[in-house]
Number of protein chains: 2
Amino acid sequence: MTTNKPKKSDISKEKILKASLELFQVHGYEQTTMRAIAEKANMSLGAAYYYFKTKDELVLHYYAESSKEVEHRLGEILAKESDYKTCFKLLLQFKHEQLLPVRSFFGVLVQQAGNLQNPLSPFSSSTKELRDEAIGQIEYLIENSNLKVHKVLRPHMAKLFWLYQMGIVLYWINDTSHEQVRTNRLIDLSLELILTALSMSNLPLMGQINKSLVKVVQLVESCTATPNLEEQHDA
Amino acid sequence: MTTNKPKKSDISKEKILKASLELFQVHGYEQTTMRAIAEKANMSLGAAYYYFKTKDELVLHYYAESSKEVEHRLGEILAKESDYKTCFKLLLQFKHEQLLPVRSFFGVLVQQAGNLQNPLSPFSSSTKELRDEAIGQIEYLIENSNLKVHKVLRPHMAKLFWLYQMGIVLYWINDTSHEQVRTNRLIDLSLELILTALSMSNLPLMGQINKSLVKVVQLVESCTATPNLEEQHDA
DNA sequence: GGTATATTTTGAACATGTTCAAAATATAGA
DNA sequence: TCTATATTTTGAACATGTTCAAAATATACC
């Protein structure tokens, strides 16, 4: 069931992807119409919809693709560095650079964050796979790094970092400063902050804070992890 | 220039607002069409658009209205309580209850948070007035409370609390648990966390963290405060 | 009241995401 | 090669947010 012959459908799919990428990059997500995409791909509107059920799905495709590239890059980074702060910074910077050309339309993903019902939300159930993949990547990064953190927090670090990283992306998307210098500064400053805070998590008087933090993370997670399991009247 | 005679326009506006509220409540924001609103208000589609330039603007109206109610409620709370934790909790709970009937469609406001260009975003320039109003309310709450926090943090507490509160609302919007018990738990837990953390901000070894935090807040603010002043190539 | 101007209302038209039944084409089995 | 089935393509149609020129109505001034 792997790739045998280049099926016609694959070729058409490619055509649509190529056309949409170009248009999205130039005109952004909203301004690009499905009709324009279909036209540029030399096919009818209906054909485009045969391959991608919604306009959203096109963007989701790039998201998935970039996730794979990040995974690859992560391996490279970890081969050279073990200081987790440096690693995380390199990772964020790579995402930053790699996503630069698609920034104009990639934003829709993040922008829809607040609506868990929207399939485009990074918290929605349709993006769960991608989310878990990203969190797994961070987990891997942490495992292979020198991050020292209280054992109560440890199992939730990857999720926390993922949330943090989503915040950075959100900022980046809306950052209109020249070459996004502000985002870079934010990365530096916030990593500094987190680094310092985490290094304190082993102090005795932090016990309460650590526990509260874990509970909050779990509560947040419980809303995203299984959003489609219908109304869990929990206790 | 105050209310003289009930202008025809005011009556029509009221009719639209009433119709839209009912429809939004029953069917939510997306499912409610402008045509349905116009029909329910006994007027043509174009007339509805004469009073509200976009569908969004209708929701924005309720946002503004509820903000006034919150302000009123805040006065009541502060008259009885001075413990800032209790105050904040009461305030959050009031917002929670008061917004309950509009929860189904009020979410669009928060959901668009990620797109600062979207007028519906609570970070956008079109909602700046409302935002400042809300922050002012929190400022007032803090001033009249017993909150003790490091002087470096003090000037930014209201903004921080506002951000925090937006997070809570975001959670609340998407909380499908029975009677939103999860949101209530989140409020308890996170307030506990913040309370503990803030009470530590005066400790000597927190100096670095405090400073970093302030810088991060300022950086975040710089992206929201003047989003329409065109490309500030800052240093 | 009559006329000029401002306000309000209308309905048609447009753009765009999406659906769908039917047509065209490809594929497999005889 | 011929036929049956599966895949792909098409274009028309629909829903809905939005715009707009023209018509209807109200208001103000004589």
Side-chain angles (χ1 to χ4, degrees), chain A residues 1 3-20 23-24 26-61 105 107-109 111-112 115 117-121 126, chain B residues 1 3-20 23-24 26-61 105 107-109 111-112 115 117-121 126:
Chain A
M1 283 296 163
T3 50
N4 290 330
K5 26 203 163 161
K7 284 209 289 186
K8 175 137 195 184
S9 67
D10 287 334
I11 295 169
S12 295
K13 214 167 172 175
E14 266 314 310
K15 279 204 296 182
I16 296 170
L17 279 172
K18 196 180 162 220
S20 67
L23 288 170
F24 280 148
V26 177
H27 303 109
Y29 179 76
E30 321 278 359
Q31 296 303 313
T32 302
T33 73
M34 286 300 279
R35 283 167 180 81
I37 293 172
E39 191 176 354
K40 185 149 199 158
N42 269 316
M43 49 197 351
S44 73
L45 183 60
Y49 271 98
Y50 178 72
Y51 292 102
F52 297 91
K53 277 196 284 292
T54 63
K55 197 178 164 189
D56 299 351
E57 216 163 83
L58 278 165
V59 180
L60 230 34
H61 179 91
F105 72 91
V108 279
L109 271 179
Q111 286 166 9
Q112 305 299 335
N115 187 357
Q117 256 58 57
N118 188 319
L120 272 197
S121 167
S126 23
Chain B
M1 281 298 163
T3 50
N4 290 332
K5 33 209 158 158
K7 282 209 292 185
K8 174 136 196 184
S9 68
D10 287 334
I11 295 169
S12 295
K13 213 166 173 177
E14 267 313 312
K15 280 204 296 182
I16 297 171
L17 279 172
K18 196 180 161 217
S20 67
L23 288 170
F24 279 149
V26 177
H27 303 108
Y29 179 76
E30 320 279 357
Q31 297 303 313
T32 302
T33 71
M34 286 300 278
R35 282 168 180 80
I37 293 171
E39 192 176 354
K40 185 149 200 157
N42 270 315
M43 48 196 352
S44 73
L45 182 61
Y49 272 98
Y50 178 71
Y51 293 104
F52 297 92
K53 276 197 284 292
T54 64
K55 196 178 163 188
D56 299 351
E57 217 164 81
L58 277 165
V59 180
L60 229 35
H61 180 92
F105 72 91
V108 280
L109 270 180
Q111 285 166 10
Q112 306 299 336
N115 187 356
Q117 256 58 56
N118 187 320
L120 271 197
S121 167
S126 23

Practice item. Evaluate the side-chain contact (heavy atoms from CB on, under 4.5 Å) criterion for residues A/Ile16 and A/Leu58: first the C-alpha distance (whole Å), next the side-chain angles of each, then the deciding distance (0.1 Å), finally the verdict. Key: CA-CA 9 Å; A/Ile16 296 170; A/Leu58 278 165; 4.1 Å; yes
Review point. In whole Å, what is the span from the NZ atom of A/Lys13 to the P atom of D/dT7?
Key: 14 Å
Check your understanding: Does DNA chain D take part in any stems of at least 3 consecutive Watson-Crick or G-U pairs (both distances under 3.5 Å), and if so, which ones?
Key -> C:1-30 with D:1-30
Study note, to complete from the structure: B/Lys40 meets the salt bridge (Lys or Arg N to Asp or Glu O under 4.0 Å) criterion, sequence neighbours left out, with B/Glu22
Review point. Hey, is CD on B/Glu57 packed in by over 12 heavy atoms from elsewhere, all under 6.0 Å?
Key: yes
Check your understanding: So, is B/Tyr51 close to the C/dT9 phosphate, meaning a side-chain N or O under 4.0 Å from OP1 or OP2?
Key -> yes
Practice item. Could I get the full list of side-chain hydrogen bond (donor to acceptor under 3.5 Å, both in side chains) partners for B/Thr32, not counting sequence neighbours? Key: none
Practice item. Indicate whether OP1 or OP2 belonging to C/dT9 is found under 4.0 Å from a side-chain N or O atom of B/Tyr50. Key: no
Practice item. Could you tell me whether B/Ser44 contacts a base, only the sugar-phosphate backbone, or nothing, with contacts defined as non-hydrogen atoms closer than 4.0 Å? Key: base
**Study point:** Whole-Å distance separating the CD1 atom of A/Ile16 from the P atom of D/dT9
**Key:** 8 Å
Revision key, fill the gap. Atom CD1 of B/Ile11 and atom P of C/dT9 are separated, to the nearest Å, by 10 Å
Review point. Say you draw a straight line from CD1 of A/Ile37 to NZ of A/Lys15; how long is it, rounded to the nearest 0.5 Å?
Key: 14.0 Å
**Study point:** A/Lys15 NZ - D/dT8 C1' separation (whole Å)
**Key:** 12 Å
**Study point:** Taking every non-hydrogen atom, the tightest pair across B/Phe105 and B/Gly28
**Key:** CB-C, 4.2 Å
Review point. Whole Å only: how far is the CD atom of A/Glu39 from the P atom of C/dA15?
Key: 14 Å
Review point. Taking only residues two or more places apart in sequence or in another chain, which ones pass side-chain contact (heavy atoms from CB on, under 4.5 Å) with B/Ser121?
Key: B/Leu116, B/Phe123, B/Ser124
Review point. Can you tell me how far C1' of D/dT8 sits from CZ of A/Phe52, to the nearest Å?
Key: 15 Å
Check your understanding: Rounded to the Å, how far apart are B/Met43 CE and C/dT10 C1'?
Key -> 11 Å
Between N or O atoms, less than 3.5 Å apart, protein on one side and nucleotides 18-22 of chain D on the other: list the pairs.
residue, atom, partner, partner atom, Å
D/dT18, OP2, B/Tyr49, OH, 3.1
D/dT18, OP2, B/Lys55, N, 3.0
D/dT18, O4, B/Arg35, NH2, 3.3

Check your understanding: According to a strict under-4.0 Å criterion, is A/Ser12 in side-chain N/O contact with OP1 or OP2 of D/dT9?
Key -> yes
Check your understanding: With sequence neighbours excluded, what pairs up with A/Tyr29 under the side-chain hydrogen bond (donor to acceptor under 3.5 Å, both in side chains) test?
Key -> A/Asp56
Point to revise | Nearest non-hydrogen partners of B/Leu17 and B/Ser20, listed with the distance | key: O-OG, 2.9 Å
